[in-house]
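Taking it in order: structure first as C-alpha cells, then the write-up.
None of the values given here were measured: they were computed from a predicted structure.
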Amino acid sequence: MIAVRLAIGNPDKASERDIYFEDHKKYLRSGALDIIQSGPILCEAGRGQGGMVVANVNTLEEMRRFSDNDPFVQNGVYGLVEIYEWTPTIDNMASN
C-alpha cells in the first residue's frame, strides 16, 4: 500500500530545525523505509512549513514506526504529524 506522512512544523521549535536537519535527511535516506518521494512543504513566500513522505509500506504501523524515529519528530520540530493510506487515481509522474 502507499502511505503518506504529512508533517507540519512546530513554530516554537523553528530555531531547532537547523540543529536536526542533517540527521533528519540522513534518516530519510537510510533505507529504513521504501520512500517513493519526500520533500518540504513551502508556504507562498517559499519558507518551509513542514514536509511530506510518500512510501510503499505493508501497514500504516510501518509508517508510524518510521515516523516516530525521525529526528524531527523525536525533537518536536514537527508539531503535527498525520499518516494516511493513499490510493492514487491519477498518475502523470511517468510522463515527466
Side-chain angles (χ1 to χ4, degrees):
M1 87 173 63
I2 297 176
V4 176
R5 179 185 78 176
L6 175 62
I8 305 300
N10 179 351
D12 295 335
K13 297 279 188 155
S15 63
E16 294 182 34
R17 182 183 180 279
D18 290 341
I19 296 169
Y20 300 106
F21 186 64
E22 290 302 318
D23 291 338
H24 166 71
K25 287 193 320 183
K26 184 177 177 181
Y27 182 67
L28 291 177
R29 294 181 174 128
S30 71
L33 192 70
D34 182 12
I35 295 176
I36 300 168
Q37 292 184 319
S38 172
I41 297 170
L42 307 176
C43 69
E44 288 184 33
R47 290 185 308 276
Q49 302 296 300
M52 186 180 317
V53 174
V54 180
N56 284 312
V57 297
N58 293 313
T59 66
L60 290 180
E61 184 58 33
E62 182 180 352
M63 178 67 101
R64 282 189 199 94
R65 282 192 309 272
F66 177 82
S67 183
D68 288 347
N69 289 307
D70 184 334
F72 271 13
V73 173
Q74 290 182 334
N75 293 287
V77 175
Y78 288 150
L80 173 67
V81 176
E82 298 283 344
I83 295 173
Y84 303 97
E85 181 177 345
W86 182 47
T87 304
T89 57
I90 298 174
D91 181 2
N92 292 315
M93 294 296 291
S95 64
N96 292 333

- [ ] Verify the cluster assignment for Ile19 and Val77: are they in a single hydrophobic cluster under the rule of side-chain heavy atoms below 4.5 Å apart?
- [x] yes
Task: Charged N-O contact under 4.0 Å between Lys25 and Glu22 - done: yes
- [ ] Group every Ile, Leu, Val, Met, Phe, Trp and Tyr by side-chain heavy-atom contacts under 4.5 Å, then state whether Met52 and Val81 land in the same group.
- [x] no
Open item on the list: Assigning hydrophobic clusters by single linkage (Ile, Leu, Val, Met, Phe, Trp, Tyr; side-chain heavy-atom cutoff under 4.5 Å), is Tyr20 placed with Val73?
Closed with: yes
Open item on the list: To the closest 0.5 Å, what do you measure between OG (Ser67) and CD (Glu62)?
Closed with: 12.5 Å
Name the atoms and distances for all side-chain donor-acceptor pairs under 3.5 Å in residues 32-39, with sequence neighbours left out.
unit_1 : atom_1 : unit_2 : atom_2 : d
Asp34  : OD2    : Asn56  : ND2    : 3.2

Open item on the list: Using the rule that Ile, Leu, Val, Met, Phe, Trp and Tyr join whenever any side-chain heavy atoms are under 4.5 Å apart, tell me whether Ile83 and Met1 fall into a single cluster.
Closed with: yes
- [ ] Quick one: closest heavy-atom pair of Thr59 and Val57, and the distance?
- [x] O-CG2, 3.3 Å
Open item on the list: My understanding is that only residues two or more places apart in sequence, or in another chain, count here; which of them pass ring-ring contact (aromatic ring centres under 6.0 Å, His included) with Tyr27?
Closed with: Phe66
- [ ] List for me each residue that meets side-chain hydrogen bond (donor to acceptor under 3.5 Å, both in side chains) alongside Glu44, sequence neighbours excluded, and say none if there are none.
- [x] none
Task: Residue pairs involving residues 66-85 (criterion salt bridge (charged side-chain N to carboxylate O under 4.0 Å, His left out); sequence neighbours excluded) - done: Arg5-Asp70
Open item on the list: Checking Phe72 now: which residues fulfil ring-ring contact (aromatic ring centres under 6.0 Å, His included) with it, not counting sequence neighbours?
Closed with: His24, Tyr78
Task: Chi angles and distances behind the side chain to side chain contact (heavy atoms under 4.5 Å, CB included) call for Ile41, Leu6 - done: CA-CA 9 Å; Ile41 297 170; Leu6 175 62; 3.1 Å; yes
Task: Linked, directly or transitively: Leu60 and Val53 (ILVMFWY side chains, under 4.5 Å) - done: yes
Side-chain donor-acceptor distances from residues 7-16 under 3.5 Å, at least two apart:
unit_1 : atom_1 : unit_2 : atom_2 : d
Asn10  : OD1    : Asp12  : N      : 2.9
Asn10  : ND2    : Gly76  : O      : 3.3

